[in-house]
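Letters go in sequence order (proteins before strands), and every chain restarts at 1. Only this structure's heavy atoms are used, side chains among them; waters, hydrogens and symmetry mates stay out. Please read these numbers as outputs of a predicted model, since none were measured by experiment.
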Number of protein chains: 2
Amino acid sequence: MPGPDAARALRKDAAANRERLLRAASELFAQRGLDVTLNDIARYAGVGVGTAYRRFANKEEVIDALFEERMTQVEQVAREAAEDPDSWSGLLHFLEGALDLQHGDRGLTQMMNNPVLGDARVAEVRDRIAPLVTVLVERAKAEGVVRPDLDQTDLIFVQLALSAVMDRTRGLAPDLYRRYLTVFLDGIRTDRGTFTPLPVPPLTAYETHEAMTRASRRRPG
Amino acid sequence: MPGPDAARALRKDAAANRERLLRAASELFAQRGLDVTLNDIARYAGVGVGTAYRRFANKEEVIDALFEERMTQVEQVAREAAEDPDSWSGLLHFLEGALDLQHGDRGLTQMMNNPVLGDARVAEVRDRIAPLVTVLVERAKAEGVVRPDLDQTDLIFVQLALSAVMDRTRGLAPDLYRRYLTVFLDGIRTDRGTFTPLPVPPLTAYETHEAMTRASRRRPG
DNA sequence: CACTAACCGGATAGCAAATATCCGCTTGAC
DNA sequence: GTCAAGCGGATATTTGCTATCCGGTTAGTG
């Protein structure tokens, strides 16, 4: 009885189904977040539930299989940002880029903000990304383009804060969060003569009420 | 068969138990959020489950009974803020006050940010508070102390964003959110010569990892 | 083509957690 | 003293997800 995915070549159809499952999971996670069911994923993939469970022991294994590639995207953004010769635009690039990824993928937000996976797995990725963020912030501080009391960890929490807005306004004004990103940036930049124009109009009072009144997820935070 | 709480005087012991239940609910909601069970509440109140269900048809009815007084606190803060002769300090007072209330009451955050109650109920409260916020923002804009593209609805979303941080760091650095409130305020104030010192130290990298790695609730969001 | 190990679908068993009821016993109020 | 009102808490019900099982199908090989 080989556990799911013992390291042995799968039959062609099985391998194909595994791929369909991963693609389906990827889409569903992006649209609806990580709490879709493995059964949902199977149905969406056009495959029996049994097949899903034969290929993956449980949902976490599916998440794990997608975790790497998603986090690599984030790492990529951080790396580009850290390599930007202009430290301010690097910072900008990182925050905008990371948030934009989450913007297109609800599951990614949950992967980044929740303990969905084993500590070890998460720690490994963090150890790859954290140093880049440190560079980003320290460099900007050294050059005096941002407030001196800014900390690397602040970027994490800002991202967390803004993703809460994103989540609430998804499907109504999905990029409203960019208003607050802009305000935040104006709050940390040294050379702010005049305000950076807000890139997105505010919601009307009615729309705001709509947004706050919609069901969340079930749950998420 | 009178439904729970038909408008008829309760026997003395019954009335007392109702009070104990409400007090228990208030504390549990504050500590653990709205998703505690009616059974939890009964146990905490030192009362049988049956008693709880005799007094309230379900948890929502308990929330509803507490909703009013909680929201009145928020309204109070908004009113004080709107009456502050200094429009900037009014704004400050509102945001700090509202967030501080949430700081001490996890359930309140959920009441404010989630559709836990009927639309009608929420709409009524909103109609009482929204005008005050409008005054606050419009006045500050008119006096030129904040950026002209600030909108009243922005205060709502900032509060939402910061409460996400608060929720994540509760029990580790419960007032970390004040860092980001300060940055936000620096991002909207016109007369910022120098940065407002951040009122709270950042988390260490390790603490940040801790915070992001802890279980959320079940979920919320 | 014949054969079989691998694979498939999806009904359904299992499980967990919350909700809500029921009923025999107790107590406040008149 | 009487009894409607109230009490406790074991337990039935519900809900929604997780995971298995098994009869039927198919890829791959000689």
Side-chain angles (χ1 to χ4, degrees), chain A residues 1-22 24-25 28-29 32-65 107 110 116-117 215-220, chain B residues 1-22 24-25 28-29 32-65 107 110 114 116 215-220:
Chain A
M1 178 203 278
D5 281 322
R8 183 162 89 292
L10 292 174
R11 222 168 69 175
K12 194 174 61 179
D13 52 348
N17 278 340
R18 184 173 192 282
E19 265 321 300
R20 302 178 69 185
L21 282 164
L22 283 175
L28 284 184
F29 286 161
R32 298 200 233 147
L34 298 182
D35 39 8
V36 295
T37 290
L38 201 40
N39 288 32
D40 291 337
I41 295 171
R43 186 166 20 249
Y44 191 83
V47 140
V49 203
T51 304
Y53 277 93
R54 202 169 311 105
R55 227 32 79 204
F56 304 95
N58 48 48
K59 192 175 63 185
E60 187 170 322
E61 230 177 77
V62 181
I63 296 175
D64 197 62
Q110 287 173 287
V116 276
L117 279 166
S216 29
R217 52 103 164 193
R218 122 186 80 93
R219 86 273 165 24
Chain B
M1 179 204 282
D5 283 321
R8 183 160 89 294
L10 291 175
R11 224 168 67 175
K12 195 173 60 177
D13 54 346
N17 279 338
R18 184 173 193 279
E19 265 321 299
R20 302 178 70 183
L21 283 164
L22 283 175
L28 284 184
F29 287 161
R32 297 200 234 146
L34 298 182
D35 40 10
V36 295
T37 289
L38 201 38
N39 288 31
D40 291 337
I41 295 171
R43 187 165 18 249
Y44 191 82
V47 139
V49 204
T51 303
Y53 276 94
R54 203 169 311 105
R55 228 33 77 205
F56 303 96
N58 48 49
K59 192 176 62 184
E60 187 170 320
E61 230 177 76
V62 181
I63 296 175
D64 197 63
Q110 286 172 290
N114 283 304
V116 275
S216 28
R217 53 102 179 172
R218 129 12 251 183
R219 293 63 165 38

task = Could you tell me whether the phosphate oxygens of C/dC8, OP1 or OP2, come under 4.0 Å of any side-chain nitrogen or oxygen in A/R55?
result = yes
ask   = Atom CD1 of B/I41 and atom P of C/dA18: how far apart are they, to the nearest Å?
value = 12 Å
message = Do B/R32 and B/D40 have side chains that approach each other closer than 4.5 Å (heavy atoms only, starting at C-beta)?
response = yes
message = Within the 4.5 Å heavy-atom criterion, are B/N39 and B/Y53 side-chain neighbours or not?
response = yes
inquiry  = I want to verify a distance call: between D/dA27, C/dG9, C/dT27, whose nearest atom is closest to the A/V47 side chain?
reply    = C/dG9
query = Are the side chain of A/E61 and the backbone of A/F56 linked by a donor-acceptor contact shorter than 3.5 Å?
reply = no
request  = Rounded off to whole Å, could you give me the CZ-to-C1' distance for the A/F56 and C/dC8 pair?
outcome  = 16 Å
Side chain proximity check, B/R43 to B/V49, heavy atoms < 4.5 angstrom = no
key: Student check: side-chain heavy atoms of B/L21 and B/V62 closer than 4.5 Å   = no
query = Can you give one letter per nucleotide of nucleotides 10-21 of chain D, going 5' to 3': B for a protein heavy atom under 4.0 Å from the base, S for sugar-phosphate only, - for none?
reply = -------SBBB-
request  = Could you state the atom-to-atom distance from CG of A/L10 to C1' of C/dC8 in whole Å?
outcome  = 14 Å
key: Distance-only donor-acceptor test, B/R11 side-chain atoms vs C/dA29 base atoms, 3.5 Å   = no
task = Could you work out which one of C/dC7, D/dG8, C/dC8 sits closest to the side chain of A/N17?
result = C/dC8
query = A/K59 and A/L38: which non-hydrogen atoms are nearest, and at how many Å?
reply = N-CD2, 3.9 Å
ask   = Which whole-number value in Å describes the distance from B/R43 CZ to D/dC7 C1'?
value = 16 Å
ask   = What is the distance from CD of B/E19 to P of D/dG6, rounded to the nearest Å?
value = 15 Å
ask   = Tell me: CD1 of B/I63 to P of C/dA18, nearest whole Å?
value = 14 Å
query = Side-chain contact, heavy-atom cut-off 4.5 Å: B/L10 with B/R18?
reply = yes
Integer-rounded Å distance: D/dC7 P and B/R20 CZ = 10 Å
query = Roughly, in whole Å, what's the span from NZ in A/K12 to P in D/dA27?
reply = 7 Å
